[in-house]
Amino acid sequence: MLFRSFVAATAIFAGSAAISETYVLDSSHTEVVFSWNHAGLTTQRGEWTSVSGEIDFDPADVAATAARVEIDANSLHSGFEALDVELKGEGFFDVESNPTITFTSTSAVQTGAQSMRLSGDLTVKGQTVPAVLDVNLVFQGEHPLGGFFDYYQGEWIGVEATSSLLRSEVGVGQFAPLTSDVVQLEISAEMRKGGWPE
């Protein structure tokens, strides 16, 4: 997720001890979008707007990457209020009884110079299933806005990730497969090394 190519990492870290850095999600610039096919007619989308988490990463040891992400299930937003109420209800996410969705990584494999596959445990509605994220690093370095706003100072990374899952496996399978059981996930996130001072 957060890495250079093996060659670059070797050149930079040769002869030095491995150092894992923690990158903290900027919740105001992180999107988790989900989409599904509606009865064969259209593709519908929604998102969760409240996401927090962090990733430990050492470019010299990509396999040791560790990610922890938490989503406020009640922050679901589809752009249509009646649908939001339905999706938050007992027939789908039941957010009153299950307020959070979590992902905790269990392994990481480098798949390219700036890509990796992150596997882990996804917990939705109290049910935990394996999940895989295909992640691309799209930016690493000083934030371009750091010279204008203190908030953006320091080292940042930007990532894009995709995944898919069967919603019936996590207790939200109502009307499947008429309305697609397969849900696509698209994640776009900005993260700051070390987070922010309290």
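- Taking 4.0 Å as the cut-off between side-chain N and carboxylate O, E155 and R192 do not count as a salt-bridged pair.
- Hydrophobic clustering (side-chain heavy atoms under 4.5 Å, transitive across Ile, Leu, Val, Met, Phe, Trp, Tyr) keeps V182 apart from L41.
- Between the side chains of E31 and S188, no donor N or O sits under 3.5 Å from an acceptor N or O.
- Donor-acceptor pairing under 3.5 Å is recorded for the side chains of Y151 and D26.
- In this structure, the side chains of T179 and N37 stay at 4.5 Å or more apart for every pair of heavy atoms.
- For the residue pair Q44 / T42, a side-chain donor-acceptor distance below 3.5 Å is found, with atom types taken as modelled.
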Side chain to side chain donor-acceptor pair (under 3.5 Å) between T162 and D134, worked out: CA-CA 5 Å; T162 59; D134 288 310; 4.7 Å; no
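- Looking only at side-chain heavy atoms (C-beta outward), V159 and I157 come within less than 4.5 Å of each other.
- The aromatic rings of W156 and H143 stand perpendicular to each other, their planes meeting at an angle above 60°, with 30° marking the opposite boundary.
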Stepwise side chain to side chain donor-acceptor pair (under 3.5 Å) check, T22 with D56: CA-CA 4 Å; T22 298; D56 298 327; 2.6 Å; yes
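- At a threshold of 4.0 Å, the pair D94-K88 does not count as salt-bridged, since none of the basic side-chain nitrogens sits closer than that to a carboxylate oxygen.
- Using a 3.5 Å distance cut-off with no hydrogens or angles, the side chains of D121 and T104 do not pair a donor with an acceptor.
- In E90, the CD atom is not crowded: 12 or fewer heavy atoms of neighbouring residues, nucleotides or ligands sit closer than 6.0 Å.
- Checked against the 6.0 Å centroid threshold, W48 and F93 count as a close aromatic pair.
- At a threshold of 4.5 Å between side-chain heavy atoms, the hydrophobic network of Ile, Leu, Val, Met, Phe, Trp and Tyr places I55 and V132 in two separate groups.
- Nearest heavy atoms, V170 versus K125: O-CB, 3.6 Å.
- Between L87 and F92 the shortest heavy-atom distance is O-CB, 3.2 Å.
- Side-chain atoms of S168 and D181 include a donor-acceptor pair closer than 3.5 Å.
- A donor-acceptor pair shorter than 3.5 Å can be found between the side chains of T128 and T123.
- The shortest non-hydrogen separation linking A189 to L25 is CB-CD2, 3.6 Å.
- The two residues S164 and Q184 have their closest heavy-atom pair at CB-OE1, 3.4 Å.
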